[in-house]
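Notes follow once the structure below has been shown.
Values below: all heavy atoms of this structure, side chains included; hydrogens, waters and symmetry mates excluded. Letters go in sequence order (proteins before strands), and every chain restarts at 1. Since the structure is predicted, the reported quantities are computational estimates derived from the model, not experimental observations.
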There are 2 protein chains.
Amino acid sequence: MDRFVSTYTNKIDAKGRVSIPAPFRSVLENDGYSGGIYCYPSLDAAALDGGGERLAQKIDGLLQGLPDYSDERDELSVALYGDVHVLSIDGDGRIILPQSLRTHANLETQVTFVGLGDKFQMWHPETFQDRHKQAREKAKQHRTLFGAGSGNPTGSRDGGARE
Amino acid sequence: MDRFVSTYTNKIDAKGRVSIPAPFRSVLENDGYSGGIYCYPSLDAAALDGGGERLAQKIDGLLQGLPDYSDERDELSVALYGDVHVLSIDGDGRIILPQSLRTHANLETQVTFVGLGDKFQMWHPETFQDRHKQAREKAKQHRTLFGAGSGNPTGSRDGGARE
DNA sequence: TAAAAATCCATGGAATCCCATAATAGCCCA
DNA sequence: TGGGCTATTATGGGATTCCATGGATTTTTA
């Protein structure tokens, strides 16, 4: 399997460590594991985005259009690279979440890992529940718009409720 | 790991010494460490740019586009090379910031190191906070432009069938 | 010779490694 | 089908290493 799917909730222990769900770990290994996962605060949600090499390359791609040494590039780099943490995975498949990341997502004792295909997100469990409900509501509305709930003809995403 | 990512804030001690964040140091070593880091005042910000060989080569690359002995090239050379300092790293991974550089970036007691991929920047912590906010705003705008919401520019797969 | 710079040493706290345990899931074989 | 064995996983807790930081000592330079 090569995509992050499903959700899991794990504990944060006294040292700030969290187990990465085993299925996610194996995805990361197939993705060219380079010593750790890339993790940064989501731009518009109280959550963290995480992933492996594929995610890192995506970030590179966003910057490629911009000329070196332009102020614009530097500015964007601050948001894209400056916020990224490389969290190394210990021998037991755990990472430790830096304080800055934990505060962004209100993570205290538990983390909900949510697979999003190319990447995954980490949420405060309750916050995610709310989000999840909203997302499903929106998805239903869309379906009735399209009629019959027979899948998703246009291939559009589910109303952007995610992230 | 081969690029500068993440942000770290370190102290300047009484002698003007600052620890380079360990992850940055290891990037520099992989980058062909040549005795010190290249450091110069950012052209359009109250910050310092720093990096290793890759950064030096990029500066060279900019100049190569211009004809030899042209006024334009001379000017740019002065602008780019003139203010460059080579800061040697001591046995404990620290550098000493010359006064001229410190004044340009208003560095007094603390320095925030920001990874920008090929290079990194050094900011006064509070000044950086503002910059950081701007940068995230800009990134949001770009993101909607790119349609990079789910990290999937084409919007094709992952149509919301989560869980 | 005094001031400045480079090198060396010491330390507290944090991150990493290593091992132990309990719970779960998968499997084999009767 | 069921029962027991094994492998995997999440979690907890020491022990060790790494790192930022401060200070002392030596070397250089003015």
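A:T103 pairs by the side chain to side chain donor-acceptor pair (under 3.5 Å) definition with nothing, not counting sequence neighbours. In this structure, B:Y38 has no ring pair (Phe, Tyr, Trp, His ring centres under 6.0 Å) partners at least two apart in sequence or on a different chain. In this view, B:K133 satisfies the side chain to side chain donor-acceptor pair (under 3.5 Å) rule with no residue, not counting sequence neighbours. With sequence neighbours excluded, no residue forms a side-chain contact (heavy atoms from CB on, under 4.5 Å) with A:S88. With sequence neighbours excluded, no residue forms a ring pair (Phe, Tyr, Trp, His ring centres under 6.0 Å) with A:Y81. Applying the ring pair (Phe, Tyr, Trp, His ring centres under 6.0 Å) rule to B:H132 yields the partners B:F128; only residues at least two apart in sequence or on another chain are considered. Partners of B:R102 under the side chain to side chain donor-acceptor pair (under 3.5 Å) rule, at least two apart in sequence or in another chain, do not exist in this structure.
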- Could you write nucleotides 24-30 of chain D as a row of B, S and -, 5' to 3', where a protein heavy atom under 4.0 Å of any base atom gives B, of only sugar-phosphate atoms gives S, and otherwise -? B------

Listed pairs under 3.5 Å, donor-acceptor, residues 10-23 of chain B side chains, sequence neighbours left out:
{"unit_1": "B:N10", "atom_1": "ND2", "unit_2": "B:S19", "atom_2": "O", "d": "2.8"}
{"unit_1": "B:D13", "atom_1": "OD1", "unit_2": "B:K15", "atom_2": "N", "d": "2.9"}
{"unit_1": "B:D13", "atom_1": "OD1", "unit_2": "B:G16", "atom_2": "N", "d": "3.2"}
{"unit_1": "B:D13", "atom_1": "OD1", "unit_2": "B:R17", "atom_2": "N", "d": "2.9"}
{"unit_1": "B:D13", "atom_1": "OD2", "unit_2": "B:R17", "atom_2": "NE", "d": "2.7"}
{"unit_1": "B:D13", "atom_1": "OD2", "unit_2": "B:R17", "atom_2": "NH2", "d": "2.9"}

Below 3.5 Å is the cut-off: list the nitrogen or oxygen pairs between protein and nucleotides 6-10 of chain D, distance only.
{"unit_1": "D:dA10", "atom_1": "OP1", "unit_2": "A:A22", "atom_2": "N", "d": "3.2"}
{"unit_1": "D:dA10", "atom_1": "OP2", "unit_2": "A:R25", "atom_2": "NH1", "d": "3.0"}

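No donor-acceptor contact under 3.5 angstrom links the side chains of B:T112 and B:T7, judged on distance only.
Whole-Å rounding puts the B:E29 CD to D:dC19 C1' distance at 14 Å. For the pair B:F113 CZ and D:dC19 P, the computed distance is 15 Å after rounding to whole Å.
Comparing the end axes of the helix from C:dT1-D:dA30 to C:dA30-D:dT1, each fitted to five base pairs by superposing C1' atoms of four pairs onto the next four, gives an inter-axis angle of 40° (nearest 10 degrees).
Residue A:A56 comes nearest to B:R3 through the heavy atom pair CB-NH2, 3.8 Å, listed as atom of the first residue, atom of the second, then distance.
No contact: B:S88 has no heavy atom under 4.0 Å from any strand.
Taking the six-membered ring where the residue is Trp, A:F120 and A:F24 present tilted rings, their angle falling between 30° and 60°.
Bounding nucleotides for the chain A contact on DNA chain C, 5' to 3', at a heavy-atom distance below 4.0 Å, are C:dA15 to C:dC19.
For the pair A:D83 (side chain) and A:P41 (backbone), a donor-acceptor distance under 3.5 Å is absent.
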- Give the intermediate values and the outcome of salt bridge (Lys or Arg N to Asp or Glu O under 4.0 Å) for residues A:K58 and A:D118. CA-CA 10 Å; A:K58 224 155 221 174; A:D118 285 339; 2.8 Å; yes

